[in-house]
There are 2 protein chains.
Amino acid sequence: MTSVDEPARPNGRIRDAARTQAEILDVATQEFARLGYDGARVDEIAARTRTTKRMIYYYFGGKEQLFTAVLERAYTVIREAEQKLDVEHLDPVAAIRRLAELTFDHHEQHPDFIRLVSIENIHGAEHIAGSEKLGRIGSPALDVIRRILAAGQESGLFTADVDAVDLHAMISSFCFFRVANRHTFGALFGRDLVAPEQREHYRAMLGDMVIAYLTAERSTH
Amino acid sequence: MTSVDEPARPNGRIRDAARTQAEILDVATQEFARLGYDGARVDEIAARTRTTKRMIYYYFGGKEQLFTAVLERAYTVIREAEQKLDVEHLDPVAAIRRLAELTFDHHEQHPDFIRLVSIENIHGAEHIAGSEKLGRIGSPALDVIRRILAAGQESGLFTADVDAVDLHAMISSFCFFRVANRHTFGALFGRDLVAPEQREHYRAMLGDMVIAYLTAERSTH
DNA sequence: TCGCTAATGTACGAACTAGTACGTTAGCTA
DNA sequence: TAGCTAACGTACTAGTTCGTACATTAGCGA
């Protein structure tokens, strides 16, 4: 408990507003993702920080606003990743498959984000609704999908009109379910959807599914 | 607040253990689904019942066990619905499409159940793991899928070996996502996945997707 | 270098919340 | 019909939890 714990401050600064805020957000993200909004404790978040509870209220205002800030940062990270998507040099079929795979990878790599989204849905997305930032964040991935779909339809590779938002929902649903429902699915069906040895299998399955859907001859029904 | 509130008891009974338990489970289901496990309040559940908090502890033992009981009943309802599945008189393609549609309908009709499953996943499925009942409940739908897949593969309609559990995951993921992530998806993309006028569209989309996947010629990749 | 303010820490309180001790009664059964 | 027990109600408590009043200080700018 002595200052020996602290291994010679890298910055030479004790007071660093930006770092304090970032550290609070880091811990809060973990705690909210682990325990849900109501399950997480402000005191516990503070305790796992190098600062105190007072700072949470100083910088964020309260538990509710802290959760909103956590969501905002999590979505920002995802949108930034989407902006780095580079698949449009591929032919439409390969491009969509690649996009699906990258979505798959991103979901797998960010289970905390998936959990936060689940939690936010339990609460009716009220924090997103109340956030200006999240209202106008958009989705670069959607634009990419839109362009690939247009190219695919023009070339005749893709059958008829598929909506970009719908395709995004289709891809996301599989990726999301696999991570979000991992526990109940595993407990009930004895299969771990996120087991490393199944990873390639499910990744290919998603790609096959999406491509099959886009390239199938539609029968009348 | 007088006894006039109560419109002449139908049963002529004041004490009815079964009805009391059922009423507690009904209200608890609503409250847990609405607010999450930690968000729900035992006092509030009791208040919305014709009985008192004491009875919750008398019959269920505590909040944790009450939630487990809620889950057990919810899963029992779903399994009973699955047992009424009657699609095997159809040809494999029609049978799978019908099964997917019934799964779609069931998810739509039981949003509370979807929310409970989301909540249980936030908590690592610990209640399912701790429940004997849920451990051996099985899934009739899975057996149906298994038989249809076998028939479809034998007749050559379905390409190669698709696992029943995987197909179940594929169908469920779309149905689940549509209901569970309705709020965040709507807030971010401006589209209500559960809007009545979109219902047929998404129902057909799911069927098309699954059939396309099962009947596609697999390319090497 | 002096003072001012952003940044931080401490201690506390009011309200809530799961759970329980204790008392009561309906209505079945002998 | 007497009495016994499952079923039910009331009132309370111990511990928790969000939030805040008040005190302090680092370090930048004049």
Side-chain angles (χ1 to χ4, degrees), chain A residues 1-3 5-6 8-28 30-32 34-70 119 123 126-127, chain B residues 1-3 5-6 8-28 31-32 34-70 119 123 126-127 130:
Chain A
M1 283 303 176
T2 64
S3 63
D5 287 344
E6 197 68 54
R9 330 161 182 143
N11 260 354
R13 293 174 96 191
I14 289 179
R15 302 196 163 189
D16 187 334
R19 208 216 45 179
T20 299
Q21 290 175 50
E23 196 175 343
I24 291 172
L25 281 178
D26 286 341
V27 176
Q30 290 172 31
E31 287 294 296
F32 281 128
R34 192 164 65 91
L35 300 164
Y37 176 77
D38 292 290
R41 300 292 166 224
V42 177
D43 282 300
E44 179 62 21
I45 292 170
R48 292 185 48 189
T49 292
R50 265 178 288 187
T51 184
T52 64
K53 183 166 59 158
R54 178 70 185 78
M55 289 296 97
I56 291 175
Y57 288 89
Y58 184 67
Y59 283 121
F60 299 97
K63 187 181 182 180
E64 204 96 22
Q65 294 98 309
L66 177 60
F67 185 74
T68 300
V70 164
I119 291 160
H123 296 271
E126 61 180 358
H127 302 94
Chain B
M1 284 300 177
T2 64
S3 62
D5 285 345
E6 196 68 53
R9 330 161 181 148
N11 260 353
R13 293 174 94 190
I14 289 178
R15 304 195 161 190
D16 187 335
R19 207 216 44 179
T20 299
Q21 289 174 52
E23 196 176 344
I24 290 171
L25 280 178
D26 286 342
V27 176
E31 287 294 295
F32 280 130
R34 192 164 64 91
L35 300 164
Y37 176 77
D38 292 290
R41 300 293 167 223
V42 177
D43 280 301
E44 180 62 21
I45 291 170
R48 292 186 47 189
T49 291
R50 265 178 288 187
T51 185
T52 64
K53 182 165 62 157
R54 178 71 185 77
M55 289 296 98
I56 292 175
Y57 288 89
Y58 183 66
Y59 283 120
F60 298 97
K63 188 181 183 182
E64 203 96 23
Q65 295 99 308
L66 176 60
F67 185 74
T68 300
V70 164
I119 292 160
H123 294 271
E126 60 179 356
H127 303 95

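A note on names: the letters A, B, ... follow the listed sequences, proteins ahead of strands, and every chain is numbered from 1. Just so you know, these numbers come straight off a predicted model, no measurement behind them.
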>> Test of understanding: with side-chain contact (heavy atoms from CB on, under 4.5 Å), list the residues that count as partners of A:Ala17, not counting sequence neighbours.
In response: A:Gln21, A:Tyr59

>> My understanding is that only residues two or more places apart in sequence, or in another chain, count here; which of them pass side-chain hydrogen bond (donor to acceptor under 3.5 Å, both in side chains) with B:Glu23?
In response: B:Arg50

> For A:Leu35 and D:dC18, what is the distance between atoms CG and C1' respectively, to the nearest whole Å?
Replying inline: 16 Å

> Starting at CZ of A:Phe60 and ending at P of D:dC18, how long is that distance when rounded to a whole Å?
Replying inline: 16 Å

Please output the side-chain donor-acceptor pairs of residues 38-48 of chain B that fall under 3.5 Å, not counting sequence neighbours, one pair per line with the distance.
{"unit_1": "B:Arg41", "atom_1": "NH1", "unit_2": "B:Asp38", "atom_2": "O", "d": "3.0"}
{"unit_1": "B:Asp43", "atom_1": "OD1", "unit_2": "B:Lys53", "atom_2": "NZ", "d": "3.1"}
{"unit_1": "B:Arg48", "atom_1": "NH1", "unit_2": "B:Glu31", "atom_2": "OE2", "d": "2.3"}
{"unit_1": "B:Arg48", "atom_1": "NH2", "unit_2": "B:Gln30", "atom_2": "OE1", "d": "2.5"}

> Within this structure, what is the CD-to-C1' distance between A:Gln65 and D:dC18, rounded to whole angstrom?
Replying inline: 12 Å

>> If I take atom CD1 in residue B:Ile56 and atom C1' in nucleotide D:dG9, what distance separates them, rounded to the nearest angstrom?
In response: 13 Å

>> Protein within reach of the bases, or only the backbone? For nucleotides 8-18 of chain C, mark each nucleotide 5' to 3' as B, S or -, using heavy atoms under 4.0 Å.
In response: BBB------SB

>> For B:Phe67, give me all partners under ring-ring contact (aromatic ring centres under 6.0 Å, His included), at least two apart in sequence or on another chain.
In response: B:Phe32, B:Tyr37, B:His127

> Looking at residues at least two apart in the chain, or sitting in another chain, which of them share a side-chain contact (heavy atoms from CB on, under 4.5 Å) with A:Gln65?
Replying inline: none

> Under a 4.5 Å cut-off applied to non-hydrogen side-chain atoms, are B:Thr52 and B:Met55 in contact?
Replying inline: yes

